[in-house]
Each structure stands twice: as C-alpha cells, then as structure tokens.
Amino acid sequence: MSVFWDRKEKPYVMLLFLMPLFWMVGSLFLGRYFPDPGKALMNLSGIWASVFIIAVLSMTPIVKYMSLRVVSRYRRFVGLTAFFYAIFHLITYLVLFAGLNLSWIVSDLLDKPYIYAGVVALMVLSVLAATSTKSMMKRLGKRWKPTHKFIYLAVVCVVAHLWWQVKSDVTVALWVSVFIVPLLSFRFNQIYFYKKYFKKT
Ligand code: HEM
C-alpha cells in the first residue's frame with residue numbers, strides 16, 4: 001500500500017479530482033447543455049462542490065473506523081477541490097447566469113435570499129483555503145484548529161442554501177442532506193462524549 005501511496009500519485013489524484021471540470025467544460029463546448037447552459041452548469045458545479053465537502057467531512061470517520069490513515073494526507077487536497085468547484089459555481093453565476101450585469105445581480109440578490117447562504121459558505125471556504133498552508137498553520141498555532149472548525153458553519157450554510165431554493169424538486173437537497181446530517185451528528189456526538197468523559201478527568 002505504502003509503495004503506491006508515496007505522493008508520486010498526487011498528480012494523478014489531482015487529475016481525477018479535475019475530471020468533473022473537464023467533463024463539464026467539454027459538454028458545454030459540445031452543446032450538451034443547450035438550451036440553458038447556465039442552469040446546467042450552476043447545478044453541476046454546485047453538486048460537485050457539495051460532493052467534495054461531503055468527502056472532507058467523511059475523512060475523520062474513515063480514518064478512525066477503517067484505520068485508513070493514508071486518506072488523511074488528502075484532507076487539504078479534497079478541501080481545496082471543494083473550494084475550487086465553489087469558485088467555479090460563482091464564476092458560472094456571474095458570467096453565464098448574470099452576464100456580468102451588476103444591476104441584474106442586485107435585483108437577483110433581492111429576489112433570492114438563499115444566495116446569501118451560499119455566499120457565506122463560500123466566504124468561510126475562502127478563509128479555510130487561505131489558512132490551509134503549512135506556514136499559516138505555524139502562524140496560527142493553537143488557533144488553527146478552532147479556525148478550521150468553521151467548516152461546520154460552511155456546511156450548515158450549504159444545506160440552508162439548498163433547501164431554501166427548493167420549489168418542487170428536492171432531489172439534490174435531499175441527497176446532500178442524507179450524507180451531511182449523519183456526518184455532522186457523528187462529529188457533534190464525538191465532541192459531546194469527549195467533553196463528558198475525558199475533559200474533566
Ligand atoms: C457565492 C456563492 C454562491 C452563489 C452566488 C450561488 C448561487 C446559486 C444559484 C443562483 C443557484 C440556483 C441555480 C438555478 O436556478 O438552477 C444555486 C444552486 C446550487 N448551489 Fe449555489 N451558490 C453559491 C454557493 C454555493 C456553495 C458554496 C455550494 C456548495 C458547496 C452551492 C451548491 C449549490 C447546488 C448543489 C445547487 C443546485 C441545487 C439544485 O439543483 O437543487 N452553492 N446556487
């Protein structure tokens with residue numbers, strides 16, 4: 001196992017994580033998203049950002065219960081990929097959805113309050129991405145861990161972003177919640193039991 005997972009594989013892992021992007025851009029140019037490429041790309045980019053957020057949250061239980069320590073090496077990589085797809089989602093919104101028209105964006109923001117939940121999630125992801133480097137870890141010291149707990153705020157905002165915009169089709173909101181709710185409760189249970197049984201002794 002360790003022979004394969006010796007970091008030489010990193011470019012391949014990166015290529016794998018970028019496959020959805022290549023697929024989306026390729027399909028766009030092949031006209032597969034016609035007649036509404038903006039809507040299709042908004043949904044797909046948002047879904048892939050959510051998939052990588054779910055992957056990041058799954059890493060702690062995977063390492064803990066399956067003893068797959070090798071997985072934790074990729075935590076930063078997976079987190080940055082989630083951020084990357086969220087930025088792609090934002091760019092799609094600004095360019096394909098809004099046509100870079102500022103007054104249209106302002107009226108859309110007044111019309112769709114769920115966008116604010118997405119913006120907060122993206123802002124938190126930006127802070128986490130900016131502080132994910134080794135030098136920032138050193139600079140923040142003990143404050144690094146509490147800072148990165150803000151991932152839970154981002155996750156809650158993503159779930160709010162999805163349910164808030166539901167009109168009739170709940171598929172995406174439901175699928176994302178099916179993964180996120182157990183992962184969040186796993187995390188909070190762990191913190192609760194740790195405080196109850198170990199912190200005071
Ligand atoms: C600046 C931040 C964001 C903006 C402006 C934004 C905006 C939007 C808009 C306008 C839609 C609806 C598209 C439509 O009408 O079909 C949407 C959908 C979606 N967003 Fe966001 N979003 C943001 C952040 C995020 C983040 C951080 C995530 C996840 C990590 C996310 C996940 C999704 C998903 C999965 C959908 C599709 C929902 C569905 O098809 O039911 N968004 N977003």
Side-chain angles (χ1 to χ4, degrees), residues 16-25 27-28 31-60 74-132 147-184 187:
L16 182 73
F17 288 179
L18 287 177
M19 289 302 247
L21 176 76
F22 299 146
W23 185 264
M24 282 186 268
V25 174
S27 302
L28 178 70
R32 284 197 192 128
Y33 300 144
F34 185 81
D36 197 349
K39 192 163 179 64
L41 271 190
M42 269 318 275
N43 289 357
L44 289 171
S45 56
I47 289 169
W48 280 106
S50 310
V51 165
F52 280 96
I53 286 192
I54 291 168
V56 146
L57 284 186
S58 316
M59 287 180 136
T60 308
Y74 291 92
R75 200 186 299 266
R76 176 165 181 257
F77 219 24
V78 176
L80 286 176
T81 311
F83 173 62
F84 172 79
Y85 281 108
I87 289 286
F88 183 57
H89 186 64
L90 172 65
I91 293 172
T92 306
Y93 175 77
L94 295 176
V95 179
L96 292 182
F97 235 55
L100 296 176
N101 182 334
L102 196 62
S103 54
W104 188 92
I105 294 173
V106 172
S107 71
D108 201 38
L109 287 177
L110 295 174
D111 208 32
K112 298 171 183 163
Y114 66 80
I115 292 179
Y116 296 110
V119 172
V120 174
L122 187 60
M123 278 162 50
V124 174
L125 290 179
S126 313
V127 172
L128 301 187
T131 56
S132 69
T147 308
H148 277 249
K149 291 241 160 33
F150 276 98
I151 182 71
Y152 301 112
L153 173 65
V155 167
V156 169
C157 289
V158 168
V159 174
H161 178 61
L162 299 185
W163 281 106
W164 208 341
Q165 63 181 275
V166 163
K167 287 187 195 99
S168 55
D169 186 359
V170 295
T171 316
V172 177
L174 196 64
W175 270 110
V176 172
S177 309
V178 159
F179 286 97
I180 280 184
V181 171
L183 286 166
L184 276 186
R187 197 65 203 135

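Sequence positions, counted from 1, serve as the residue numbers for this chain. We count ligands from 1, going down the list as the structure has it; atoms in each ligand are counted the same way. Small disclaimer: the values here were computed from a predicted structure and weren't measured.
Taking a 4.0 Å cut-off on heavy atoms, Tyr85 fails to register as neighbouring ligand 1. Under a 4.0 Å heavy-atom criterion, Ser50 is in contact with ligand 1.
Ring pair His89/His161 is perpendicular by interplanar angle, where above 60° counts as perpendicular and below 30° as parallel. Note: Phe77 and Phe17 have tilted aromatic rings, judged against thresholds of 30 and 60 degrees for the angle between ring planes. Aromatic ring orientation, Phe88 versus Tyr85: perpendicular (interplanar angle above 60°, classes split at 30° and 60°).
Applying the side-chain hydrogen bond (donor to acceptor under 3.5 Å, both in side chains) rule to Ser126 yields no partners; only residues at least two apart in sequence or on another chain are considered. Legend: residues meeting side-chain hydrogen bond (donor to acceptor under 3.5 Å, both in side chains) with Trp23, ordered by chain and number and at least two apart, are absent. By the side-chain hydrogen bond (donor to acceptor under 3.5 Å, both in side chains) test, Tyr93 pairs with Asp108, sequence neighbours left out.
Contact check for Arg76 versus Leu80: side-chain heavy atoms found under the 4.5 Å cut-off. Considering only heavy atoms from C-beta on, Ser50 comes within 4.5 Å of Val158 through its side chain. Residues Ile151 and Leu125 have side chains in contact (heavy-atom distance under 4.5 Å, counting atoms from C-beta outward).
Closest approach of Leu183 to Ile54, counting heavy atoms only: CD1-O, 3.9 Å.
Protein N, O or S atom count below 2.8 Å of atom 21 (Fe) of ligand 1: the structure gives 2.
The ligand atoms of ligand 1 that sit less than 4.0 angstrom from a heavy atom of Leu122 are 1 (C), 2 (C). Every atom of ligand 1 with a heavy atom of Ile53 under 4.0 Å away is listed here by number and element: 30 (C). Interface of Val119 with ligand 1, defined as ligand atoms under 4.0 Å from a residue heavy atom, comprises 1 (C), 2 (C). Heavy-atom proximity to Val158, at under 4.0 Å, picks out these atoms of ligand 1: 29 (C), 30 (C). Every atom of ligand 1 with a heavy atom of Lys39 under 4.0 Å away is listed here by number and element: 14 (C), 15 (O), 16 (O). Here is the list of ligand 1 atoms found below 4.0 Å of a heavy atom in Leu90: 1 (C).
Shown here is Trp175, whose CH2 atom has no more than 12 heavy atoms of other residues, nucleotides or ligands within 6.0 Å.
Looking at atom 41 (O) of ligand 1, its nearest protein heavy atom turns out to be Val172 CB, 3.6 Å. Among protein heavy atoms, atom 37 (C) of ligand 1 sits closest to Asn43 OD1, 3.7 Å. The closest protein non-hydrogen atom to atom 13 (C) of ligand 1 is Phe97 CZ, 3.8 Å.
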